[in-house]
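Scroll down for the structure; my scribbles are underneath it.
Every chain is numbered from 1 and lettered A, B, ... according to where its sequence line falls, protein lines coming before strand lines.
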Protein chains: 2
Amino acid sequence: MAGTNRQTVYATLRRKVLTMELQPGAPVSENELAAALGVSRTPVRESLILLAEEGLIQVFPKVGSFVSRVDPVRVADAQFLREAVELTALDDLPTVLDPALLAALDANLSAQDRPGIDLEEFFALDEEFHHGLLQLSGHGAAWATVSAAKGHLDRARRLGLHEASPPTLNAAQHRAILDAVRTGDLTAARAAMRTHLRAVFDDVERIRAQSPQLFASNDGSTPVRRNVVVWD
Amino acid sequence: MAGTNRQTVYATLRRKVLTMELQPGAPVSENELAAALGVSRTPVRESLILLAEEGLIQVFPKVGSFVSRVDPVRVADAQFLREAVELTALDDLPTVLDPALLAALDANLSAQDRPGIDLEEFFALDEEFHHGLLQLSGHGAAWATVSAAKGHLDRARRLGLHEASPPTLNAAQHRAILDAVRTGDLTAARAAMRTHLRAVFDDVERIRAQSPQLFASNDGSTPVRRNVVVWD
DNA sequence: CGACCGCAGCTTGTATACAAGCACACGCAC
DNA sequence: GTGCGTGTGCTTGTATACAAGCTGCGGTCG
């Protein structure tokens, strides 16, 4: 495992943060990660810098690096950004929709409905679905920006889907959106999209009330080592 | 100048790219930059990685790093993103506006009207104005994402203001937006904002016709060393 | 027993050394 | 003259060495 490059290290760390395998508040030492991944500090450090840029990691010089707590402000930001982009994109839907994209979206929805679907698999399909909707209106490239900005939102959503809302509900909302888009009913599409995104946001608020220790405190003051998550 | 840290290096390089001091297509060697800035490769390299993430730098492993050409696709993306965010934010304007923010925006507009204003100074004021508008509706934090995504747009705009549209026109449009916002005329505010953002986009298209060599070609194929900008 | 001071061990930040690979120029063969 | 092969010099990618600093533990003194 010694020949790993930075992209792999970055992808691995990002996945571990987003899937909560690395819990919010947990310390991440460059040396430890390097040893664990079988590489030197350099690619690990460069990956941490990128993750810090996304807000998923907090670096305190000469002290340590820590997985960011889920920041309600950033969650709200990502939610606003996502809603703005996805709703505005609906305005730019062409009159005739790309049949290939529509077919892919249908297949995606079918996969979402599979009975014993895994949580992470559902998440991947969810990402692909929203990305596909953007592509349908010719703004697929904007997804990269949205995706990068919604790391905090994703972590909060995972908590919500873990403990609360079943994927079935989300899948039904997805189908409602696609149906409205396909029939060209822009008003209904916007309403369905808004309902869906707001439901996601409500899930986040609910899980925040249940597990406040995973979220950042009100003030943005420096949370140092004593702030690591201790479960009991 | 040896005690420079990475943030300074990053800020310096980003400024040089955005102001066209480092022209699109120009090669940027880690060693050269390190020597020029009086630091080692490490902070330079880390800065280049961040700039690559923003799309301002292209890194070709074992070959070289180059300032990205202005990519029309990314320009359009940034334009769409910006329009979506700024227009959607107008929907969330509170009934009573923060007086301090309004005063700051007024002062900003006055500064924009100063006769012999410098181009870069106008750009800073422009950024501050749009950021302030977002703050007015409580979504100031979203500006960071927009700002990071619109590097290509900014470079194109700079070209446009250099050679075409005078800052006076932009300042007038800014004032129209703020007036509509202040009087609570949401429809007029959206219209003024849309007019302004579309005018910016038209400037970009015009300058693209004039100086196509600064823009990326249609295909996204690898532009290597022979593709550096040679002026004549 | 409590407060305070100092050192040990960790952290990140920076500089440097080594590895691997591509592009271009030079020279040779035809 | 033209085409091809080889070598040199550059590039980025990775590993390691050194620098500076904060934290927390332990000893010591009051």
TODO: Please name the residue in the list A:Asp71, A:Val73, A:Leu18 that meets the side chain to side chain contact (heavy atoms under 4.5 Å, CB included) test with A:His152.
DONE: A:Asp71

Task: Whole angstrom value for the distance that separates C1' of C:dC10 from CZ of A:Phe66 - done: 11 Å

TODO: Output all residues satisfying side-chain contact (heavy atoms from CB on, under 4.5 Å) with A:Leu134, sequence neighbours left out; order by chain, then residue number.
DONE: A:Val85, A:Ala89, A:Trp143

Open item on the list: Starting the side chain at C-beta, find the nucleotide from C:dT12, D:dG13, C:dA15 nearest to B:Ser40.
Closed with: C:dA15

Open item on the list: I want to verify a distance call: between D:dG13, C:dT12, D:dC22, whose nearest atom is closest to the B:Val59 side chain?
Closed with: D:dG13

Task: Whether B:His130 and B:His174 hold their rings parallel, tilted or perpendicular, with breakpoints at 30° and 60° - done: perpendicular

Task: Rounded interatomic separation in angstrom, taking CD from A:Gln58 and P from C:dT11 - done: 18 Å

Task: Salt-bridge contact A:Lys150-A:Asp77 (side-chain N to carboxylate O under 4.0 Å) - done: no

Open item on the list: Pick the closest DNA chain D nucleotide for A:Thr42 and for A:Lys62 by heavy atoms, then say which residue is nearer the 5' end.
Closed with: A:Thr42

Task: Residue-phosphate contact under 4.0 Å: A:Ser65 side-chain N/O, C:dT12 OP1/OP2 - done: yes

TODO: Can you tell me the distance, in whole Å, between the CD atom of A:Glu46 and the P atom of C:dT12?
DONE: 15 Å

Task: D:dC10 phosphate, OP1 or OP2, under 4.0 Å from B:Asn31 side-chain N/O - done: no

Open item on the list: Side chain of A:Arg41, heavy atoms from C-beta onward: which of D:dC18, D:dG21, D:dG13 has the nearest atom to it?
Closed with: D:dC18

Task: Closest listed nucleotide, where the reference is the side chain of A:Pro61 and the choices are C:dT14, D:dT16, C:dT12 - done: C:dT12

Task: A:Asn5 CG to D:dT12 P, straight-line distance once rounded to whole Å - done: 17 Å

Open item on the list: Please report the distance, rounded to the nearest Å, between CG in B:Leu48 and P in D:dT11.
Closed with: 12 Å

Distance-only criterion, 3.5 Å: show the donor-acceptor pairs between side-chain atoms of residues 42-53 of chain B and protein atoms not counting sequence neighbours.
{"unit_1": "B:Arg45", "atom_1": "NE", "unit_2": "A:Glu46", "atom_2": "OE2", "d": "2.7"}
{"unit_1": "B:Arg45", "atom_1": "NH1", "unit_2": "B:Glu30", "atom_2": "OE2", "d": "3.3"}
{"unit_1": "B:Glu46", "atom_1": "OE2", "unit_2": "A:Arg45", "atom_2": "NE", "d": "2.7"}
{"unit_1": "B:Ser47", "atom_1": "OG", "unit_2": "B:Tyr10", "atom_2": "N", "d": "3.3"}
{"unit_1": "B:Ser47", "atom_1": "OG", "unit_2": "B:Pro43", "atom_2": "O", "d": "2.9"}

Open item on the list: Rounding to an integer number of Å, can you tell me how far B:Arg45 CZ sits from C:dG13 P?
Closed with: 16 Å

TODO: Between C:dT14, D:dT14, D:dT11, spot the one nearest the side chain of A:Arg6, thanks.
DONE: D:dT14

Open item on the list: Distance check needed: C:dA20 C1' versus B:Phe60 CZ, whole Å only.
Closed with: 19 Å

TODO: Just call it for B:Val28: base, sugar-phosphate, or nothing, with non-hydrogen atoms closer than 4.0 Å on any strand.
DONE: sugar-phosphate

- [ ] Check the distance between C:dT16's C1' and B:Glu30's CD and give it to me in whole angstrom.
- [x] 14 Å

